[in-house]
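Accompanying notes for the structure given below.
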Amino acid sequence: MPDIIPERSASSPGRAGDWDALIIGAGFSGLYQLHSLRDRLGLSVQVLEAGDGVGGTWYWNRYPGARCDSESYCYSYSFSDELQQEWNWSERYPEQPEIMRYLNHVADRFDLRRDIRFGVRVTEARYDEAANRWHVTTEAGEQLTAKFLITAVGCLSSANVPDIPGLESFTGRWYHTGQWPHDGVDFTGKRVGLVGTGSTGIQATPVIAATAAHLAVFQRTPNFSVPARNGPMADEFQREVKANYGEIRRKMRATTNGHPYSISGRSALEVAAEERQALYEAAWEQGGLQFRATFQDLLVNKAANDTAVEFIRSKIRQVVKDPAVADMLTAFDHPYAAKRPPIDTEYFETFNRDNVTLVDVRTSPIERITPQGIRTRDGEYDLDIIVFATGFDAMTGPLMRIGIHGRDGRSMKDMWNAGPRTYLGLQVAGFPNLFTITGPGSPSVLCNMPVAIEQHVDWITDCIAYMRERGLERIEATADAADKWVEHVNEAADATLLPLAASSWYLGANVPGKPRVFMPYAGGMARYRDICNDVATKGYEGFSLGG
Ligand code: N01
């Protein structure tokens with residue numbers, strides 16, 4: 001797609017406050033969607049962003065140790081060759097400030113800021129059928145209208161602060177990692193409690209432990225983690241990547257997870273024990289999410305998965321000196337990678353420090369937060385700071401907190417009270433001209449996110465171009481297509497081990513009262529892309545289009 005920037009801004013509204021398209025969110029997806037609709041199609045577009053800057057999830061998640069688990073050279077946009085040639089990454093995995101520098105560079109390079117309004121939170125969106133317009137209301141009470149409404153709100157942007165009794169009585173300071181203060185938190189000399197051992201808690205633990213007087217990690221579910229093996233980006237590797245970006249991007253688009261590596265064709269069960277061990281050792285040394293690709297059946301065959309579980313368990317036991325702590329860290333209750341697998345830098349090593357305690361809140365649950373700290377069934381922990389690394393109301397949360405009402409005033413919240421229902425994760429029946437980038441029912445979080453985002457943005461942009469060429473004003477997923485898609489999403493999940501993790505946020509299980517439905521599409525990114533392309537080639541099969 002060419003980087004065409006028209007001489008005149010296309011983004012002046014036809015009449016006050018009325019736009020061709022409104023986009024909610026200025027993260028990876030909102031920025032690229034703005035560029036595509038404005039600079040490729042020439043539409044009038046406004047982006048409404050709650051934060052004071054671009055970045056989306058990276059704007060909010062500034063917690064200590066925040067770093068991307070995808071490798072930097074492939075956690076980036078592919079739509080502009082000039083952009084990928086001019087940008088240099090400094091490490092194997094980019095740290096949060098580096099991703100922010102990158103996204104700010106993108107916003108400047110493509111002159112995006114003039115069409116983004118910062119500090120504007122959308123509180124309601126209602127579809128007006130007679131006018132075929134979306135009416136959007138902001139927290140400040142402003143009203144805007146648009147023919148197309150596109151949510152670019154991310155999958156992990158609605159913080160989940162657990163409802164633990166007594167939190168309001170705590171006399172220290174508490175923070176959620178997804179709403180981290182922009183001027184940072186000084187842990188020096190402080191007694192810190194960290195609740196949660198997902199990807200975030202596992203990244204934050206070693207960094208907080210390095211300066212805190214004492215760190216207590218409250219673990220409910222032991223988690224698998226593989227070393228990230230982060231390090232500086234070698235100049236030679238960067239040159240090689242840039243010389244081969246075309247091929248690398250082609251490969252990323254053709255794989256299940258949107259990463260530039262293939263999953264092995266071998267079963268973990270067909271190789272001899274010694275060879276299996278050697279392959280796991282090599283993958284462990286290499287580090288990163290690629291560990292999942294060591295064998296083709298790790299995510300579909302429990303016996304194969306068990307071999308990975310045993311390997312990781314033995315590695316943790318070699319690192320952690322106290323056998324009782326090692327027991328707590330390895331009392332796994334789910335298959336490896338059935339929850340999003342973290343990668344780490346010295347997470348397990350941190351439990352060998354004198355100033356770190358692991359607290360098992362599975363056997364001894366948190367009872368309440370007191371003015372002094374956290375009380376579990378069996379102990380009291382005096383704290384100056386509590387850090388909640390307790391995750392997000394994922395995928396549906398960011399959409400639900402905007403009151404979205406479709407045809408006949410029907411609310412998305414009511415419609416999804418038994419779980420999300422979309423067609424391709426892109427549209428919801430009864431909500432014409434609304435597109436949900438990386439919505440539930442699409443691969444999104446099971447994929448390297450920029451790959452999933454670019455695929456959705458390109459598909460939406462092509463769809464709107466198709467409509468404009470034919471004078472079509474309205475597109476809406478049919479209820480029948482959505483029903484069939486939901487069935488297919490369930491089948492795809494059931495063909496894997498992913499639903500076996502009882503507490504996974506993929507299932508909504510981390511938020512009390514949320515329906516347990518496997519939300520992302522587990523059929524693989526490459527297959528999903530083919531399905532979406534096929535739907536478009538057949539004149540947007542499963543959608544009803546009107547004048
Ligand atoms: O959240 P999580 P996260 N009492 O939901 C625990 C992405 N990400 O922020 O498992 C006690 O995974 C909960 O325990 P349990 C990535 O996709 C990406 O870590 O429910 N504990 C769990 O241990 C990731 O998967 C990157 O029993 C409570 C933890 O809190 C996603 O974001 C970095 C509790 C939550 O883990 C979310 O990760 C970080 C309670 N009441 C994250 N409630 C990068 O690539 C919850 N927990 C950079």
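Bear in mind that the values here come from a model prediction, so they are computed numbers and not experimental data.
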Next item on the list: Write out all pairs satisfying salt bridge (Lys or Arg N to Asp or Glu O under 4.0 Å) with one or both partners inside residues 202-218, taking only residues at least two apart or from two chains.
Entry: none

Next item on the list: Can you run down the salt bridge (Lys or Arg N to Asp or Glu O under 4.0 Å) pairs that involve residues 137-154, sequence neighbours left out, and say none if there aren't any?
Entry: Arg117-Glu142, Lys147-Glu473

Is it true that a side-chain atom of [X] and a backbone atom of [Y] form a donor plus acceptor pair closer than 3.5 Å?
{"X": "Gln455", "Y": "Arg529", "result": "no"}
{"X": "Ser72", "Y": "Glu91", "result": "yes"}
{"X": "Asn355", "Y": "Ala212", "result": "yes"}
{"X": "His456", "Y": "Thr438", "result": "yes"}
{"X": "Tyr245", "Y": "Ser78", "result": "no"}
{"X": "Thr197", "Y": "Thr221", "result": "yes"}

Do you know the tightest heavy-atom contact between [X] and [Y]?
{"X": "Ser444", "Y": "Cys155", "answer": "CB-SG, 3.9 Å"}
{"X": "Gly198", "Y": "Asn223", "answer": "CA-ND2, 3.6 Å"}
{"X": "Ile402", "Y": "Ala125", "answer": "CG2-N, 4.4 Å"}
{"X": "Leu156", "Y": "Thr57", "answer": "O-OG1, 3.7 Å"}
{"X": "Glu49", "Y": "Ala26", "answer": "OE1-N, 2.7 Å"}
{"X": "Ile202", "Y": "Ser225", "answer": "CG2-OG, 3.9 Å"}

Can you tell me how far apart [atom1] ([X]) and [atom2] ([Y]) are? Round to the nearest 0.5 Å.
{"X": "Tyr528", "Y": "Cys447", "atom1": "OH", "atom2": "SG", "answer": "10.5 Å"}
{"X": "Leu298", "Y": "Ile263", "atom1": "CG", "atom2": "CD1", "answer": "9.0 Å"}
{"X": "Phe148", "Y": "Asp20", "atom1": "CZ", "atom2": "CG", "answer": "8.0 Å"}
{"X": "Ile24", "Y": "Ser29", "atom1": "CD1", "atom2": "OG", "answer": "11.5 Å"}
{"X": "Gln33", "Y": "Leu112", "atom1": "CD", "atom2": "CG", "answer": "12.0 Å"}
{"X": "Ile316", "Y": "Glu349", "atom1": "CD1", "atom2": "CD", "answer": "10.0 Å"}

Next item on the list: Please collect all side chain to side chain donor-acceptor pair (under 3.5 Å) contacts where either partner lies in residues 94-104, sequence neighbours excluded, each pair once.
Entry: Ser90-Glu98, Asn104-Arg113

Item checked: Residue pairs passing the side chain to side chain donor-acceptor pair (under 3.5 Å) test where at least one lies in residues 172-185, sequence neighbours excluded -> Arg62-His182

Note to self: If you apply the rule side-chain contact (heavy atoms from CB on, under 4.5 Å), what do you find for Tyr506 with Met519, and how did you get there?
What the structure shows: CA-CA 6 Å; Tyr506 294 153; Met519 294 182 287; over 6 Å; no

Minimum side-chain heavy-atom gap [X]-[Y] below 4.5 Å:
{"X": "Asp69", "Y": "Arg340", "result": "yes"}
{"X": "Ile99", "Y": "Phe28", "result": "yes"}
{"X": "Ile531", "Y": "Tyr521", "result": "yes"}
{"X": "Trp19", "Y": "Trp134", "result": "no"}
{"X": "Met400", "Y": "Asp393", "result": "no"}
{"X": "Tyr59", "Y": "Asp52", "result": "yes"}
{"X": "Phe187", "Y": "Pro64", "result": "yes"}
{"X": "Gln238", "Y": "Val241", "result": "no"}

Which residues pass the side chain to side chain contact (heavy atoms under 4.5 Å, CB included) test with [X], not counting sequence neighbours?
{"X": "Ala536", "value": "Trp459, Tyr540"}
{"X": "Lys251", "value": "Thr255, Ser262"}
{"X": "Ser70", "value": "Cys68, Tyr75, His259, Asn448"}
{"X": "Thr422", "value": "Trp416, Val428, Pro440, Trp485"}

Next item on the list: Take Leu34 and Val45 through the test side-chain contact (heavy atoms from CB on, under 4.5 Å) and record every step on the way to the result.
Entry: CA-CA 7 Å; Leu34 167 61; Val45 189; 3.8 Å; yes

Test of understanding: with side-chain hydrogen bond (donor to acceptor under 3.5 Å, both in side chains), list the residues that count as partners of [X], not counting sequence neighbours.
{"X": "Gln84", "value": "Asp81, Arg249"}
{"X": "Glu124", "value": "Arg126"}
{"X": "Thr137", "value": "none"}
{"X": "Tyr63", "value": "Gln203"}

Next item on the list: Applying side-chain contact (heavy atoms from CB on, under 4.5 Å), run through Leu103 and Tyr77 and close with a yes or a no.
Entry: CA-CA 10 Å; Leu103 290 174; Tyr77 291 115; 4.0 Å; yes

Item checked: Side-chain donor-acceptor pair present, Thr345, Arg67, cut-off under 3.5 Å -> no

Next item on the list: Decide yes or no on salt bridge (Lys or Arg N to Asp or Glu O under 4.0 Å) for Arg250 and Glu247, but give the supporting numbers first.
Entry: CA-CA 5 Å; Arg250 256 189 300 285; Glu247 187 46 41; 3.3 Å; yes

Notebook entry, point to check: Take atom CD in Glu285; do more than 12 heavy atoms of anything else shown fall under 6.0 Å from it?
Noted result: yes

Notebook entry, point to check: Would Ser80 and Gln85 count as a side chain to side chain donor-acceptor pair (under 3.5 Å) if you check the C-alpha gap in whole Å, the side-chain angles of each, and the deciding distance to 0.1 Å?
Noted result: CA-CA 9 Å; Ser80 161; Gln85 293 299 332; over 6 Å; no

Item checked: Single hit among Phe237, Trp87, Tyr93 for ring-ring contact (aromatic ring centres under 6.0 Å, His included) with Tyr73 -> Phe237

Item checked: CA sep, side-chain torsions, deciding dist, call: Asn160, Thr390, side chain to side chain donor-acceptor pair (under 3.5 Å) -> CA-CA 6 Å; Asn160 172 40; Thr390 44; 4.9 Å; no

Item checked: Ring centre gap for Phe291 and Phe224 strictly below 6.0 Å -> no

Note to self: side-chain contact (heavy atoms from CB on, under 4.5 Å), that's the test. Do Arg121 and Arg401 meet it? Break it down for me.
What the structure shows: CA-CA 11 Å; Arg121 183 175 288 283; Arg401 71 177 171 179; 4.0 Å; yes

